[in-house]
Amino acid sequence: MERTLVILKPDTIEKGLIGEIVTRFEKVGLKIVAVKLLTAHKELVERHYPADREELWVGIGNKTLDNYRDLDMNPKDSLGTNDPKEIGKMVRVWLMDYLMKGPVLAMVLEAPHAVELVRKMAGHTLPLIAAPGTIRGDYAYDSSYLANSNKRAIENLLHASGTKEEAEYEIPLWFTAKEIHKY
Ligand code: ADP
Ligand code: MG
């Protein structure tokens with residue numbers, strides 16, 4: 001058995017898509033072992049996206065540069081830099097604002113291979129290139145270019161832990177042991 005953290009971000013709640021998305025997880029057989037609606041505070045979001053996780057910010061920067069390349073756009077025009085780490089740090093600020101801008105629905109889902117399964121269902125980080133049939137591909141169209149030109153995070157409906165280790169780090173930030181149910 002494996003557990004993963006899913007956070008339905010404020011755009012999902014605003015669009016009234018909680019039911020649609022939770023239904024998809026239930027249909028696949030993922031078991032909801034914890035769930036709550038909350039407005040995340042700064043300290044929680046800071047810990048969820050730690051500033052010192054270099055590889056995360058460089059990774060986000062590189063994904064952004066790839067998207068600019070695909071669109072034949074110059075990152076310097078909208079971001080003022082083409083250094084992946086600097087871009088990652090810039091995105092971090094927007095990302096924290098995004099997660100705090102309204103209530104989110106946090107969940108712990110359980111199944112064999114839960115992490116990989118949920119990532120597959122979520123689809124690519126950038127809704128523009130997420131495949132149809134995935135959550136991000138079916139319900140959103142945002143891109144790095146659109147988001148970055150407006151100095152905001154990419155609105156892609158949900159967070160899902162990227163690895164088993166990430167899940168083990170993230171779950172206790174959002175839920176106490178008592179809030180996670182066995183059934
Ligand atoms: P994922 O959510 O697919 O695991 P990452 O962990 O790489 O993706 O990035 C975390 C979040 O940061 C993304 O879900 C997205 O909301 C936001 N984000 C990533 N890259 C950018 C970018 N270039 N501009 C704005 N927001 C971004
Ligand atoms: Mg991630």
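As the structure is a prediction and not an experimental result, all values here were calculated from the model.
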Engineer: Does anything in residues 132-143 form a salt bridge (charged side-chain N to carboxylate O under 4.0 Å, His left out)? List the pairs, not counting sequence neighbours.
Structural biologist: R24-D138, D142-R152
Engineer: Would you confirm whether K42, through its side chain, and D97, through its main-chain N or O, come within 3.5 Å as a donor-acceptor pair?
Structural biologist: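 No.
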Engineer: Looking only at heavy atoms, what is the nearest atom pair of S149 and S78, with distance?
Structural biologist: CA-CB, 4.2 Å
Engineer: Tell me every residue that passes side chain to side chain donor-acceptor pair (under 3.5 Å) with Y49, counting only those two or more places apart in sequence or in another chain.
Structural biologist: none
Engineer: Any chance you could lay out the salt bridge (Lys or Arg N to Asp or Glu O under 4.0 Å) test for E116 and K120, step after step, and finish with the verdict?
Structural biologist: CA-CA 6 Å; E116 194 183 333; K120 182 185 73 176; over 6 Å; no
Engineer: Go through the structure and list residues passing side chain to side chain donor-acceptor pair (under 3.5 Å) with E55, not counting sequence neighbours.
Structural biologist: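 E55 satisfies side chain to side chain donor-acceptor pair (under 3.5 Å) with R53 only.
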Engineer: So that I can tick it off, tell me whether K15 and E20 are bridged by a salt bridge, with the cut-off set at under 4.0 angstrom between side-chain N and carboxylate O.
Structural biologist: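 The answer is no: the pair does not qualify as a salt bridge.
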Engineer: Taking only residues two or more places apart in sequence or in another chain, which ones pass side chain to side chain contact (heavy atoms under 4.5 Å, CB included) with V115?
Structural biologist: E2, T4, A167
Engineer: Tell me the closest heavy-atom pair linking L157 and A140, and the distance in Å.
Structural biologist: CD1-CB, 4.0 Å
Engineer: Classify the side-chain pair K63/T125 by whether it contains a donor and acceptor separated by less than 3.5 Å.
Structural biologist: yes
Engineer: Quick one: closest heavy-atom pair of P127 and N156, and the distance?
Structural biologist: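 Here P127 and N156 meet closest at CG-CB, 3.7 Å.
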Engineer: Residues two or more places apart in sequence or in another chain: which of them pass side chain to side chain contact (heavy atoms under 4.5 Å, CB included) with N62?
Structural biologist: V58, L65, P84
Engineer: Which residue pairs pass the ring pair (Phe, Tyr, Trp, His ring centres under 6.0 Å) test with at least one member in residues 116-172, sequence neighbours excluded?
Structural biologist: H48-H159
Engineer: Partners of E110 by salt bridge (Lys or Arg N to Asp or Glu O under 4.0 Å), sequence neighbours excluded?
Structural biologist: R3
Engineer: Among residues at least two apart in sequence or on other chains, which ones pass salt bridge (Lys or Arg N to Asp or Glu O under 4.0 Å) with K36?
Structural biologist: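 Salt bridge (Lys or Arg N to Asp or Glu O under 4.0 Å) check on K36 returns E179.
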Engineer: Looking at residues at least two apart in the chain, or sitting in another chain, which of them share a salt bridge (Lys or Arg N to Asp or Glu O under 4.0 Å) with R119?
Structural biologist: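 Partners of R119 under the salt bridge (Lys or Arg N to Asp or Glu O under 4.0 Å) test: none.
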Engineer: Would you check if V104 and T39 make a side-chain contact, meaning some heavy-atom pair closer than 4.5 Å?
Structural biologist: no
Engineer: Looking only at the side chains, is there a donor atom on one of Y68 and N82 sitting less than 3.5 Å from an acceptor on the other?
Structural biologist: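 Absent: no donor and acceptor within the cut-off.
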Engineer: Please identify each residue that fulfils salt bridge (Lys or Arg N to Asp or Glu O under 4.0 Å) with K85, with sequence neighbours left out.
Structural biologist: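 Once residues adjacent in sequence are excluded, the partners of K85 under the salt bridge (Lys or Arg N to Asp or Glu O under 4.0 Å) criterion are E54.
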Engineer: K164: which residues meet the side chain to side chain donor-acceptor pair (under 3.5 Å) condition with it, sequence neighbours left out?
Structural biologist: none
Engineer: Report yes or no: does S161 contribute a side-chain atom to a donor-acceptor pair with the main-chain N or O of L5 at less than 3.5 Å?
Structural biologist: yes
Engineer: Residues two or more places apart in sequence or in another chain: which of them pass side chain to side chain donor-acceptor pair (under 3.5 Å) with D66?
Structural biologist: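 In terms of side chain to side chain donor-acceptor pair (under 3.5 Å), with neighbours along the sequence ignored, D66 is linked to R69.
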